[in-house]
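Written out below as structure tokens is the structure these notes cover.
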Amino acid sequence: MLVLVGFMGAGKSTVGALLAERSGLPLVDSDEVLTRRLGCDIPTYFREHGEAAFREAERDTIVELLRGPDGVLALGGGALGSPEVRAALAGHDVVHLDVALDEALGRAGDPSVRPMLARDDLPQLHARRRRVYAEAADLDVPTAGRTAAEVAEAVLAAGLPRATQAARPAVVLVGPPGAGKAAVGALVADRLGIACVETDLEVERLAGAPAAEVFVDAGEERFRELERTATVAALRAPGVVVVGGGAVTDPAVREALRDQVVVFLDVGIADAAKRIGFDASPSMVTLLPRRAWIRHMEARRPLYADAATWTVDTAGRSAQDVADQVLELLQGGSA
Ligand SMILES: Nc1ncnc2c1ncn2[C@@H]1O[C@H](COP(=O)(O)OP(=O)(O)OP(=O)(O)O)[C@@H](O)[C@H]1O
Ligand SMILES: O=C(O)C1=C[C@@H](O)[C@@H](O)[C@H](O)C1
Ligand SMILES: [Mg+2]
């Protein structure tokens with residue numbers, strides 16, 4: 001992961017969003033994940049349970065996020081107080097956004113709602129933490145006199161492996177026709193502010209004809225060839241990638257799926273048949289009658305499951321509900 005550390009107001013969230021956009025990696029903000037998990041905002045939690053309880057929850061959450069799928073991770077300003085968090089940073093690319101105290105105070109917003117700003121030893125806290133951030137970091141970026149965009153440029157220019165790695169999808173969705181991949185993919189991409197690439201549509205673009213037509217006129221073998229080209233290319237670019245139901249039968253596609261963040265959207269014939277509408281107007285999926293769907297699913301289930309980082313059961317659920325679960329998984333929530 002590309003991990004951003006620094007004092008409150010250093011620009012971790014703002015610069016993190018710019019780096020996420022540039023690298024195609026999802027942005028995860030530990031304060032946001034914690035707010036969701038704690039069920040209330042951080043100042044309220046500090047008031048009701050005290051700082052020690054907050055630090056424990058913060059430590060556990062961050063250690064878990066650091067073990068999770070790749071991304072840009074912005075850490076809360078006090079996170080490095082934990083030796084477990086400092087140890088868990090090993091092997092990640094850590095960037096310290098170095099900000100002077102007066103500048104940070106100018107940026108960090110209303111001090112009355114910031115538990116850690118309401119203390120009289122702030123200059124000492126800032127000086128102490130600055131050393132801890134620098135010690136943990138692979139790169140220190142002074143933010144004084146630089147816009148957030150310039151800070152992001154400085155991070156990219158330093159050539160850290162994660163910031164400059166070849167782009168790859170934030171998440172790849174696999175599953176049979178009727179799993180809801182395209183609908184869920186569009187919702188997830190929308191929330192992450194990134195593109196959604198459907199390999200079926202890419203095949204149509206390459207072939208210059210509807211996918212069903214390629215399948216019937218040029219034959220399945222030609223269709224699979226185009227699908228392999230389109231899918232392997234999509235898996236090297238940022239965004240959310242929705243992989244056509246049969247693509248996993250191709251060994252090159254399975255190879256390209258290795259080490260990706262993959263969600264298998266699982267579904268049974270009852271829900272799939274309802275969602276597809278087997279008698280609706282001609283499309284790729286209406287070529288698959290009920291029995292063929294079942295046969296394909298039996299053969300492909302192990303391939304979907306093998307490729308998957310997570311499996312999500314979509315039976316009886318709306319696309320929005322499934323998309324929310326996928327987002328939660330990406331942002332370190334439990335399944
Ligand atoms: N380099 C910069 N120059 C000027 N303003 C900036 C810069 N970086 C961030 N800001 C602004 O400062 C404010 C705080 O930035 P941001 O929320 O990204 O900081 P943070 O490190 O995530 O702080 P927090 O402790 O709240 O998580 C925002 O209004 C943001 O637009
Ligand atoms: O500096 C800190 O100790 C904190 C910073 C914020 O990011 C929050 O994690 C919380 O307000 C504590
Ligand atoms: Mg922030």
Side-chain angles (χ1 to χ4, degrees), residues 2-22 26-63 65-66 71-83 85-86 94-134 136-137 139-157 331-332:
L2 180 62
V3 186
L4 301 181
V5 300
F7 206 67
M8 289 166 271
K12 301 178 293 290
S13 303
T14 314
V15 173
L18 295 170
L19 291 169
E21 199 180 314
R22 284 287 290 271
L27 173 67
V28 181
D29 195 305
S30 68
D31 282 345
E32 278 175 25
V33 176
L34 268 161
T35 302
R36 266 201 316 274
R37 287 190 177 183
L38 298 173
C40 64
D41 61 35
I42 293 175
T44 307
Y45 196 85
F46 258 75
R47 256 195 329 274
E48 291 179 359
H49 303 272
E51 181 175 352
F54 172 78
R55 296 298 174 201
E56 266 180 42
E58 183 181 48
R59 175 198 63 207
D60 293 348
T61 296
I62 293 173
V63 167
L65 289 173
L66 286 167
V72 176
L73 176 62
L75 292 190
L80 297 198
S82 153
V85 169
R86 295 200 300 274
V94 183
V95 177
H96 170 209
L97 301 187
D98 190 6
V99 66
L101 181 58
D102 53 351
E103 206 169 344
L105 290 177
R107 291 189 201 156
D110 182 359
S112 65
V113 299
R114 292 281 206 150
M116 293 304 290
L117 289 180
R119 12 189 320 160
D120 26 8
D121 66 340
L122 256 190
Q124 291 83 344
L125 180 75
H126 177 265
R128 211 166 48 238
R129 283 190 176 176
R130 208 170 156 242
R131 284 193 294 275
V132 177
Y133 298 137
L139 175 71
D140 282 289
V141 180
T143 66
R146 280 172 157 160
T147 64
E150 285 166 348
V151 174
E153 278 308 321
V155 176
L156 291 167
Q331 290 168 2

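Just so you know, ligand 1 is whichever comes first in the structure, and atom 1 is the first atom listed for that ligand. Residue indices begin at 1 and follow the sequence shown.
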Does only the side chain of D29 get under 4.0 Å from ligand 1, or the backbone, or both, or neither? Count heavy atoms. neither
Gap between atom [atom2] of [Y] and atom [atom1] of [X] - 0.5 Å precision:
| X | Y | atom1 | atom2 | value |
| --- | --- | --- | --- | --- |
| H126 | M8 | NE2 | CE | 9.5 Å |
| H96 | R131 | NE2 | CZ | 12.0 Å |
| I42 | D31 | CD1 | CG | 3.5 Å |
| L73 | L4 | CG | CG | 8.0 Å |
| K12 | L75 | NZ | CG | 8.5 Å |
| T61 | L34 | OG1 | CG | 4.0 Å |

Give the atoms of ligand 1, by number and element, whose distance to some non-hydrogen atom of A148 is under 4.0 Å.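 Listed by number with element, the hits are 1 (N), 2 (C), 8 (N).
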If we number the atoms of ligand 1 from 1 as shown, the ones under 4.0 Å from a heavy atom of M8 are 25 (O)
Quick check: G9 and ligand 1, any N/O pair under 3.5 Å apart? yes
Side chain or backbone, does G11 bring an N or O within less than 3.5 Å of an N or O on ligand 1? yes
Show the nearest heavy-atom pair for residues [X] and [Y], with the distance to one decimal.
| X | Y | result |
| --- | --- | --- |
| L65 | Q331 | CD2-O, 3.6 Å |
| E150 | R146 | OE1-CA, 3.3 Å |
| V85 | L66 | O-CD1, 4.4 Å |
| A148 | T14 | CB-CG2, 3.7 Å |

So, R36 and E32, do they make that salt bridge, N to O below 4.0 Å?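 Looking at R36 and E32, the cut-off is not met.
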Would you mind counting protein N, O or S atoms that sit less than 2.8 Å from the Mg ion (ligand 3)?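 Atoms of protein N, O or S type lying less than 2.8 Å from the Mg ion (ligand 3) total 1.
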Of the listed options T14, D31, L4, closest to atom 18 (O) of ligand 1 (non-hydrogen atoms): T14
Out of K12, R107, E103, R146, whose heavy atom is nearest to atom 10 (N) of ligand 1? R107
Between F54 and F46, how do the two ring planes meet: parallel, tilted or perpendicular, split at 30° and 60°?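 Rings of F54 and F46: tilted, as their planes differ by 30° to 60°.
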Parallel, tilted or perpendicular: which fits the ring planes of Y133 and F7, with parallel below 30° and perpendicular above 60°?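 The arrangement is perpendicular - the two ring planes meet at more than 60°.
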Strictly under 4.0 Å, does any heavy atom of A10 approach an atom of ligand 1?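 Judged by the 4.0 Å heavy-atom criterion, A10 does count as contacting ligand 1.
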In this structure, does ligand 1 have an atom that sits under 4.0 Å from one of the heavy atoms of G77?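 For ligand 1, residue contact (heavy atoms, under 4.0 Å) with G77 is absent.
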Any luck finding a side-chain donor-acceptor pair between D29 and S13 under 3.5 Å? yes
Provide, line by line, the atom pairs where ligand 2 and the protein bring an N/O atom each to a distance under 3.5 Å; else say none.
residue	atom	partner	partner atom	Å
ligand 2	1 (O)	G78	N	3.4
ligand 2	1 (O)	R129	NH1	2.6
ligand 2	3 (O)	R55	NH2	2.7
ligand 2	3 (O)	R129	NH1	3.4
ligand 2	3 (O)	R129	NH2	2.8
ligand 2	7 (O)	D31	OD2	2.5
ligand 2	7 (O)	G77	N	3.1
ligand 2	9 (O)	D31	OD1	2.6
ligand 2	9 (O)	D31	OD2	3.4

